[in-house]
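Read through the structure below, which is laid out as structure tokens, and then see the notes.
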Amino acid sequence: MEREKLDISTELKGSVEDVIYKNAENGYIILNLSCDEGLVTVVGTLGDISEGERLELKGGWITSPKYGRQFKAAICERGMPRTEAEITAYLGSGIIKGLGPAIAKRIVKEFGTEALDILDNDYMRLTAVKGITTDKALYMANEYKKITGVNEVIKFLGEYNLSPSYAVGIWSRYEHDSVKRIKQNPYILCSQGIEVDFTQADRIAADLGFDAENSDRVCAGIIYVLRENSYAGHTCLPKEKLRESVCSNLGVEPKKFNHCLKESLDSEWVVSVTIAGKDFIYLPEYYEAETYVSSKLALMLKTSARYEKDYSKEIQTIEFTENIQYEQLQRTAINASLTGSVFILTGGPGTGKTTTLNAIIRILKGMGKRILLCAPTGRAAKRMSDLTGEPAKTIHRLLEVDFTASGELKFKRNEKNPLPADVVIADEMSMVDALLMSALMKAIRNDARFIMVGDSNQLPSVGAGNILRDLINSHHIPTVELTEIFRQAAESLIVTNAHKIVKGDFPELDNRQKDFFFMPKALEEEIPPLVVQLSKERLPKSYGYSPIDDIQVLCPTKMGAAGTRELNKVLQQALNPPAANKPEFKYFDVVFRINDKVMQIKNDYDVKWIKLGEKGSGIFNGDIGIIRDVDRFSGNITIDFEGRIAIYTTEMLKRLEHAYAVTIHKSQGSEYDAVIIPITGFTKNLLYRNLLYTGVTRAKKTLIIIGTKELVKIMVDNDRKMLRYSLLRHMLEIEMTRKETEEEDEE
């Protein structure tokens, strides 16, 4: 998303008369400024400003259809109040809790224009004012210093067009040394909890005269490259690939990289692991996640023998009472899930995973076992609940999201407070990344059973890691893959073609009598009009589908004329065009309009929501919602995420995208009545078999592929899985070998 060009053509100076609106989360503010122009309404993301402050603003004049002429400030320099009236207004504005207008008047009456200087440097003199004790004077002084300190950080960041929202994170860590520490090492801005983009910190460093070979820069660059690669799914990188990327991106020599890597390892900013003589570099959180998962699984597998039993009678009883006949692989899967502490059930669409899982649950309930069901996303959890008839939660809700005193994420459920379950069953395991897997395993008791369900042929998780495939490929986790397509499912061309694709066979594209349709289009520019026509007219008319609720466009990529970015623009215009009765809010170059379909693109555990009176927090990567209200005055947007109503402030909008079209990767765990997949040669490096397979298996009733048969063949033939660097499989093998050695030593 490109940064909005800031208008700084006009300067305005004056003192704040009153604050009309203030958003503490993102610093957006509306105030009246007393200046040479008279009383002017000012809007902008300026931070925590109070009445009485003196401001020097740069920006431009705008005209709001509802609120008239306003000054939109882009840059703000703040000066402290000077006159007695300004100081009284400032201190009495509520900026310091417990210091109201009455005490403010007494302070200014006692000390005049020196009041703020005394508050900052000689606070004990405040006890001369009636109602101010020693403790209260100390408290007021500390709060004042915090306010002025944060303002100093905001002013410094403002020089580089960085949002005031970063200032609180910096201040909470460095307090009065904040600006000093930034000037000493601008790359501290990239650290977790602050998370300024490396390129922005690099710009500040260059302005401050930092050399390209500066060690702080290269150390931060190493972490930056590892972090960027984690977004691409890698939990680690081979040392030589990390070196190549850092040297290329930062323009430094390998010798400098080697020196800074050693410094980063010594400081424990990164971790090195050697496998088969090859060095891999981790960020600490991913190293800890993969080592914990491998160790915990090895421990649980060691206890599997205690559960050995034949459950044929229980299976026969269910077959009799339910009038059902399980095929042999299903029987094997049911028995294996009940005889071990860890088990994986995998298979494609129509192979009976749900039927098998229902039998497993029924037998476990008959044994009196406490069972908890979960899935990575809300949609996947709801689907799991619908298919099993049992309550299912998202993994995040199951683990009970909480925060530390410093605001960092944690889960209430962990090793010290495990889940109250004898059995935990997790569906859609292909979507579970390394960090979430580690958190889930910490919450599962050592003597509990853990049953994983998923389709290993689908794409791996959006987050870093390749959990399901790594565990299956380790050959240490008992696994049953269901392969037989049941008769009813075989009637669906979506199902049969999905299985052809996964086997590397070309799908049947010319049968227009069923639910799978192919529409040939060779030119990329011809695809968007067809997608619009299908979404707006043809599918709703033929099948009664809702363009918003039932139809989903899935793309291999964001880029190109038939990628999500461009398709979202044309689909928004076609399905939800602007109108006088539709309020909207422009965030940089994106317009969010009432009734728009949007998607959360990053986990945000802070978002508060309410659903039928129940309150909760957390909206997660891939969650789709509908905009129900847009407040032009504050920029707040109300979104309905399938019943969870959340209010998004302006700053939170950077975590939203339109969702008329989404990438296939983002669609994992979801199913839609109708799916449209446009395939172009724009990014041939993304045309993988499992990408096509994942997209096809998202459709429940109708699937339409647009493109050429040649491109479909390229995807079917390309079985090169999306490469992900991860050492989980190797770590599990090492742990299992170690456990076996320990057992031999015990004997």
Side-chain angles (χ1 to χ4, degrees), residues 1-4 20-30 41 43-47 62 64-67 70 72-73 163-166 377-379 546-549 552 564-565 567-662 666:
M1 191 177 287
E2 296 180 1
R3 178 172 289 276
E4 183 182 32
I20 301 169
Y21 172 83
K22 183 190 297 185
N23 189 311
E25 291 185 12
N26 60 18
Y28 183 81
I29 197 166
I30 303 171
T41 299
V43 299
T45 305
L46 308 177
I62 61 172
S64 164
K66 188 172 182 179
Y67 303 107
Q70 299 173 330
K72 186 174 183 180
S163 168
S165 60
Y166 292 118
T377 67
R379 286 192 170 207
S546 160
I548 301 297
D549 299 327
Q552 185 61 59
T564 60
R565 288 178 181 168
L567 284 178
N568 270 317
K569 291 177 183 177
V570 297
L571 285 167
Q572 183 194 33
Q573 181 63 32
L575 302 179
N576 189 29
N581 63 340
K582 291 183 184 176
E584 61 184 44
F585 184 82
K586 188 173 183 181
Y587 180 75
F588 296 134
D589 60 339
V590 179
V591 174
F592 291 104
R593 185 175 298 133
I594 195 167
N595 298 329
D596 267 344
K597 187 177 183 179
V598 293
M599 172 183 276
Q600 178 83 6
I601 59 171
K602 185 178 180 182
N603 287 347
D604 192 331
Y605 302 91
D606 293 327
V607 180
K608 301 290 189 298
W609 52 261
I610 186 167
K611 181 178 182 180
L612 299 175
E614 176 195 359
K615 294 183 178 179
S617 64
I619 300 294
F620 303 108
N621 193 350
D623 285 353
I624 289 179
I626 305 296
I627 295 177
R628 298 303 185 196
D629 188 37
V630 176
D631 188 337
R632 289 171 174 154
F633 186 72
S634 65
N636 288 353
I637 291 176
T638 302
I639 306 174
D640 181 352
F641 290 97
E642 296 185 321
R644 292 172 297 158
I645 309 300
I647 296 177
Y648 277 55
T649 62
T650 306
E651 182 68 20
M652 295 159 69
L653 297 182
K654 63 187 177 185
R655 304 185 190 105
L656 287 179
E657 288 181 352
H658 286 113
Y660 299 101
V662 303
K666 291 282 190 183

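Everything numeric in this text was worked out from a predicted model, so none of it was measured. Values reported hereafter were calculated over all heavy atoms of this structure, with side chains retained and with hydrogens, waters and symmetry mates removed.
Separating the CD1 atom in Ile20 from the CD1 atom in Ile30 is a distance of 6.5 Å, to the nearest 0.5 Å. How far CD of Gln552 is from CD1 of Ile624: 5.0 Å, rounded to the nearest 0.5 Å. Residue Ile647 holds its CD1 atom at 9.5 Å from CE of Met652, rounded to the nearest 0.5 Å. Considering CZ of Arg593 and CD of Gln572, their distance stands at 4.5 Å, rounded to 0.5 Å. Atom CD1 in Ile626 sits 11.5 Å away from atom CD1 in Ile594 (nearest 0.5 Å). Atom OG1 of Thr649 sits about 12.0 Å away from atom CG of Asp631, to the nearest 0.5 Å.
No side-chain donor from either of Tyr660 and Gln573 sits under 3.5 Å from a side-chain acceptor of the other. One side chain, Asn576 or Lys582, offers a donor N or O that lies under 3.5 Å from an acceptor on the other.
The shortest distance between side-chain heavy atoms of Phe620 and Thr377 does not fall below 4.5 Å. In this structure, Asp596 and Glu584 have side chains that are not in contact, with every pair of non-hydrogen atoms separated by 4.5 Å or more.
For the pair Lys597 (side chain) and Ile548 (backbone), a donor-acceptor distance under 3.5 Å is present.
Of the listed residues (Ile637, Asp623, Ile639), just one forms a side chain to side chain contact (heavy atoms under 4.5 Å, CB included) with Val598, and that residue is Ile639. With His658 as reference, Asn568 is the one residue of Val591, Leu571, Asn568 to meet the side chain to side chain contact (heavy atoms under 4.5 Å, CB included) rule.
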Let me have the donor-acceptor pairs involving side chains of residues 608-615, under 3.5 Å, with sequence neighbours excluded, atom names and distances please.
residue	atom	partner	partner atom	Å
Lys608	NZ	Asp606	O	3.3
Trp609	NE1	Gly618	O	3.4
Glu614	OE2	Arg397	NH2	2.5

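What you find for Leu567 and Ala661 is that their closest heavy atoms are CB-CB, 4.0 Å.
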